[in-house]
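To keep things clear, I will list the structure first and then write my remarks on it.
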Amino acid sequence: MTVLVTGVAGFIGSNLAEYLLEKGETVVGIDNFSPYYAKKLKQHNLTTIPKSKNFIFIEVDLTETNAMQTKVFKKYKIDAIVNLAGWAGVTECHKQPLTYVYNNTFGVVNLLELAKDFGIYKFLQAGTSSQYGDLPIPWNEETQTTTPPQIYAASKASAELFGYSYYRNYGINFTAMRFFNVYGPRQRPEMALPMLFKSHLLKRPFPQYQDLNKTGRDYTYVKDICDGIYKITQKELGYQQINLGNGNPQTLQDLISATEKVIGAKIDLKRMEERIGEAEVTYCDNTKAKKLIGFNPEYDINSGVKEQYEWFIAQPDWYTLEKY
Ligand SMILES: NC(=O)c1ccc[n+]([C@@H]2O[C@H](COP(=O)([O-])OP(=O)(O)OC[C@H]3O[C@@H](n4cnc5c(N)ncnc54)[C@H](O)[C@@H]3O)[C@@H](O)[C@H]2O)c1
């Protein structure tokens, strides 16, 4: 199968490309090196994907219809699209809302149009647990996501609605994958774990935005996420929303303790003002994913943090580059 992976130079995209190649699939990966964080880190991600004739990288912006046609769809016969390209981040989105809407909503419709025109009937879309916002936990897919707590979640929720139109009218199998707090090697540098590692390595305090014991995140290791995505590419599921999350939330204190155990040192904290748009707790009910695709997350917080730290300390760019 040839899979188009958008956002392939990013965190989840580069991990997914590797995972699919290991499974024997061909990957056409695209990315525009958006300025959300340093291009150097994304270029590095690409260089670590094993060289293979089954991996093709194309620098292109998914919102540019003509370029997508000529550089991608007219050149390669694509069987499935995994759309990970987009602008992530529940706090950054308040600074540039239009960029989020343009890339995360217009970009998806552009890609759906191309899928329709080029006869591609499998479309997997990256959604987010943020769509559930402040609703009572745990969250399953029946939970209505009509009250997104920020522009980022709203952009992802609307992408799902467009997906439904293309399923209904053109028969495109559309799965909205709602990811929960993904972590692991190549994680975006502004996220908590890279910041914790960086605090330790650069000997400076960790900016603590939330309550240590009230805040919970359903941290899900990137390999488990990639396995879930792979399993969805192997099926024709019609129109679905599927939670991909560990199902076992940890407090911020738990995350810090797991990190301190791995690095063998205490981390200094600096209490910051809370930021708008963040949920207090994220909690995945992954029953549907288990039933429908055999999703089976294998990593717990201790094994995941250990693997990520071992990777991190071997990547000086990750902690010496100031500009994210
Ligand atoms: N990491 C998480 O915990 C998490 C949780 C929920 C949802 N998601 C979603 O998963 C996807 C991947 O997240 P990530 O953490 O790997 O982020 P990332 O920023 O590392 O990767 C996204 C990639 O998309 C590329 N991109 C952005 N706009 C583009 C465009 N117009 N054309 C081509 N490429 C473009 C970026 O350059 C980047 O490399 C995102 O859609 C994000 O919203 C991530």
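Atom set for the values below is all heavy atoms of this structure, side chains included, hydrogens, waters and symmetry mates excluded. First listed ligand is number 1; within each ligand, the first listed atom is number 1.
- For F180, no heavy-atom contact with ligand 1 is shorter than 4.0 Å.
- The backbone N or O of T220 lies less than 3.5 Å from no partner atom in the side chain of D224, so there is not a single donor-acceptor pair.
- For Y19, the OH atom sits in a packed shell: over 12 heavy atoms of surrounding residues, nucleotides or ligands are nearer than 6.0 Å.
- Among V8, N45, I12, the residue whose heavy atom lies nearest to atom 13 (O) of ligand 1 is I12.
- Between atom 7 (C) of ligand 1 and the options A88, G127, A159, the minimum heavy-atom separation is to G127.
- Ligand 1 lies out of reach of T6, whose nearest heavy atom is not under 4.0 Å from it.
- Listed by atom number, the atoms of ligand 1 under 4.0 Å from F33 heavy atoms are 37 (O).
- Residue-to-ligand polar distances place D61 within reach of ligand 1: an N/O pair is separated by less than 3.5 Å.
- Between F106 and Y102, the angle of the ring planes stays under 30°, which puts this pair in the parallel group of the 30/60° scheme.
- Summarising the local packing, NZ of K306 is surrounded by 12 or fewer heavy atoms from other residues, nucleotides or ligands at distances under 6.0 Å.
- For atom 20 (O) of ligand 1, the closest non-hydrogen atom on the protein side is Y37 OH, 2.5 Å.
- Of all atoms in ligand 1, listed by their number and element, those nearer than 4.0 Å to a heavy atom of A9 are 39 (O).
- Note that the NE2 atom of H94 and the CD atom of Q150 stand 5.5 Å from one another [nearest 0.5 Å].
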(message) Before you tell me yes or no, could you show the steps for R275 and E92 under salt bridge (charged side-chain N to carboxylate O under 4.0 Å, His left out), namely the whole-Å CA-CA distance, both residues' side-chain angles and the distance that decides it to 0.1 Å?
(response) CA-CA 10 Å; R275 302 177 290 193; E92 185 67 21; over 6 Å; no
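- Of the protein's non-hydrogen atoms, N32 OD1, 3.4 Å is the one closest to atom 26 (N) of ligand 1.
- Of the candidates V60, V5, I56, I30 forms a side-chain contact (heavy atoms from CB on, under 4.5 Å) with just one, namely V60.
- The nearest heavy-atom contact from the protein to atom 32 (N) of ligand 1 is L62 N, 2.9 Å.
- For V60, the closest heavy-atom approach to ligand 1 falls below 4.0 Å.
- Given atom 23 (C) of ligand 1, the protein heavy atom at minimum distance is G7 CA, 3.6 Å.
- For atom 41 (O) of ligand 1, the nearest protein heavy atom (residue, atom name, distance) is K156 NZ, 2.7 Å.
- Comment: R186 engages E18 in a salt bridge, judged by a side-chain N to carboxylate O separation of less than 4.0 angstrom.
- Taking the charged nitrogens against the carboxylate oxygens, E298 and K223 have no contact shorter than 4.0 Å, which rules out a salt bridge.
- Heavy atoms of G107 come nearer than 4.0 angstrom to ligand 1 in no pair at all.
- For R168, the CZ atom is loosely surrounded, since the number of other residues' heavy atoms within 6.0 Å does not exceed 12.
- Each of F197, W318, Y319 was scored for a ring pair (Phe, Tyr, Trp, His ring centres under 6.0 Å) with Y309, with one residue passing: F197.
- When only non-hydrogen protein atoms are considered, atom 21 (O) of ligand 1 lies nearest to G10 CA, 3.5 Å.
- The side chain of Y152, and not its backbone, has at least one atom closer than 4.0 Å to an atom of ligand 1 (non-hydrogen atoms only; side chain from C-beta on).
- In terms of protein heavy-atom proximity, atom 14 (P) of ligand 1 is closest to R188 NH1, 3.9 Å.
- Dense packing is recorded around CZ of F118, with more than 12 heavy atoms of other residues, nucleotides or ligands lying under 6.0 Å away.
- Between N103 and ligand 1, an N or O atom pair is found at a separation short of 3.5 Å.
- Taking every heavy atom of A126 and a limit of under 4.0 angstrom, the matching atoms of ligand 1 come to 9 (C), 10 (O), 11 (C), 41 (O).
- Using a 30° and 60° split on the angle between ring planes, Y100 and W87 fall in the perpendicular class, above 60°.
- Atom numbering of ligand 1 starts at 1 in the shown order; those under 4.0 Å from a heavy atom of T128 are 6 (C), 7 (C).
- The shortest N or O to N or O distance between F11 and ligand 1 is below 3.5 Å.
- The aromatic rings of F123 and F174 sit parallel to each other, their planes meeting at less than 30°, with 60° as the upper class boundary.
- Protein heavy atom closest to atom 5 (C) of ligand 1, with residue, atom name and distance, is F179 CB, 3.8 Å.
- With a heavy-atom cut-off of 4.0 Å, V182 touches ligand 1 through backbone and side chain alike.
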